[in-house]
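Worksheet: one structure, shown below.
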Amino acid sequence: MPNRLTLHDTLTRTEREVTPLDGKTLRFYCCGPTVYGPAHIGNFRTFVAQDIMRRVVEAGGTPTLHVRNITDVDDKTIRDSQKAGQSLTDFTRGWTEKFHADCTVLNLLAPHVEPSAVAHIPHQIAMIEKLIANGHAYAGSDGSVYFRVASFKDYGKLSHLEDRELRLGASEAASATDWDEYTKDSLTDFALWKARKPEDGANYWPSPWGEGRPGWHLECSAMILEYLGEDFDLHSGGVDLIFPHHENEIAQSCCSTHGKFAHHWMHVAHLTVDGAKMSKSLGNLYTLEDLAKRGYSAVEVRYVLIYGHYSAPLNFTLHSLDSARQALQKLAKADRALSGISPALQHSTTPGPFAEAWKLLCHDLNVPGALGSIFGTLNKLKPATLSNEEATTMRGGLNFMLNTLGLQLPAIVAEAPTEVPADIQTLAQQRWDAKQAKDWATADTLRKQLESAGWLIKDSKEGFTVVPK
RNA sequence: GGCGAGGUAGCAAAGUGGUAAUGCACUGGUCUGCAAAACCGGUAUGCGCGGGUUCAAUUCCCGCCCUCGCCUCCA
């Protein structure tokens, strides 16, 4: 592909080309889910955006190494596993499986490596030891270990938070949570290792500083070092992770290695629902299952999630799912029309007439622009007017674009085989007979009757079909 | 208060220094007994408000208003 992906980088605030450091494979890390419940569509917005990033890189001919962690130990997983009366392992395994199932139906490419925090405790301990040895961390009086923020001069560079603001925020939090400030040298210092507490139950591990568990920020740093090394291409997550999570990762990693870390930062903006932040109290926290119960498929959800640029907030509504359904139908019909002219679908590695859409994707993943361009091209080049050769190229290009967006076309509703109940079929036949007899009144009555039963009639010259409303 | 993102048609959402993609919805036509489906069209003199720069701004600059996110563990 002539076009290379450029992405906005949070750290430098510039749009830069994404090129592998080693000249071969793009190696990137994504902060994964905390597995204490079903992921909601807001979580998936981030994962879908990352998925498209990967697909664009791969479609451009560059292989990737995709690492995404599973957070399976933290306050929430421990708390909720106890509520559920399960061991932490069993509890998080269940939700990890659910997460994987959701990823599959959303057509997300599985990461090449998916490490879990619990499985990497020795790695985390080793990193803490290094940080203590070189003076960036210290054991507090409570048996926890803290990172000394003051020892890292670049702290705050990613989030652009000034020292003064960090203190302000931390002191408010301290008074709010009644933090014992004597255990830490500074309020801004954060935990690398958390000393065992009674409420942790059986969830603790031995360490040189006593029993406890790793701090949340550390796992990513430790696993990145293990699977991607000190230096890697790109790091991604939701915008809310910029501070403190990613800021802390940078501090931990740069101070325990040679000062290198991610070369590019990609952050995905949040999804709002009906204009408001998603929250349990507002009752607007949708999971894939919630939407499936309302009759919406995963590809429809995926379409909605990619319909706004990843860097800007996107508003989700149920109406947008209806809109997505129609749009997908339109794409499916275009593909069907092309297949009528050019039946053999070959896996294309070029966008063909959709070059503009491909270019837009390569320019900071402009998915909405690319989709608009795809429709524009379809509107302009009428499939029916194309030669066999042109149709082949176009169908290949459409296929290339849809694969890159990870959109699997649904069956065309009007043609989808549906089981029509016998009584409905009978009514429909009676209506057809009445119509043939030019008994319009009876025909219309029967049609209305069918409609109120949830079935629509579609007539053609030769006969009729019945489809669910 | 600080930092960041954003305000474009009924809904959603791209984009550009020269006069606004696209999807849904709506609507006109063809077709149909009438519809539905399908196909072909139409729909923002306007891009938060006020100034400025320019031959020309929605697009650049300044000020203001509003929305959202983050400011210690929320994707």
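Every value quoted in this text rests on a predicted model; they were computed, and no experiment measured them. Numbers restart at 1 for each chain; the letters A, B, ... are given by sequence-line order, proteins then strands.
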Has the side chain of A:R447 got a donor or acceptor that lies under 3.5 Å from a partner of the other kind on the base of B:A35?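 Such a pair is found, so the answer is yes.
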Note to self: Once hydrogens and angles are ignored, does a donor-acceptor distance under 3.5 Å link the base of B:C73 to the side chain of A:K194?
What the structure shows: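 Checked by distance alone, the answer is yes.
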Quick check on RNA chain B: between A:D74 and A:F375, whose nearest nucleotide comes earlier from the 5' end?
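Mapping each residue to its closest nucleotide by heavy atoms, the 5'-most match is A:F375.
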Check every strand shown and say whether A:H40 touches a base, only sugar-phosphate, or nothing at a heavy-atom separation below 4.0 Å.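 Counting heavy atoms under 4.0 Å across all strands, the contact made by A:H40 includes a base.
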| Which part of the nucleic acid, if any, lies within reach of A:S311 when heavy atoms closer than 4.0 Å are counted: base, sugar-phosphate only, or nothing? |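 Sugar-phosphate only.
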Would you say [X] reaches [N]'s phosphate, i.e. side-chain N/O to OP1/OP2 under 4.0 Å?
X	N	result
A:N248	B:C73	no
A:N315	B:A12	yes
A:R13	B:G4	yes
A:K380	B:A21	no
A:N379	B:G23	yes
A:K333	B:A38	yes

Short heteroatom pairs, N/O only, protein and nucleotides 24-31 of chain B, under 3.5 Å:
residue, atom, partner, partner atom, Å
B:C24, O4', A:S323, OG, 3.0

Who is the Watson-Crick or G-U wobble partner of [N], with both distances under 3.5 Å?
N	value
B:A38	B:U30
B:U16	none
B:C11	B:G23

>> Would you call the rings of A:H123 and A:H120 parallel, tilted or perpendicular, taking 30° and 60° as the class edges?
In response: tilted
Specify whether A:Y155 and A:F243 have parallel, tilted or perpendicular ring planes, treating 30° as the upper limit for parallel and 60° as the lower limit for perpendicular.
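Plane angle over 60°, so perpendicular.
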Distance between C1' atoms of B:C66 and B:C31 (Å, rounded):
49 Å
| query | Using atom C1' of each nucleotide, how far apart are B:G18 and B:A37 to the nearest Å? | reply | 43 Å
Task: A:F464 six-ring face occupied by A:R447 cation (under 6.0 Å, within 45°) - done: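 Judged by the rule (NZ or CZ under 6.0 Å from the ring centre, within 45° of its axis), A:R447 is not positioned above A:F464.
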Exercise for review: With A:R196 as the cation and A:Y204 as the aromatic partner, state whether NZ or CZ is under 6.0 Å from the six-membered ring centre and within 45° of the axis.
Suggested key: yes
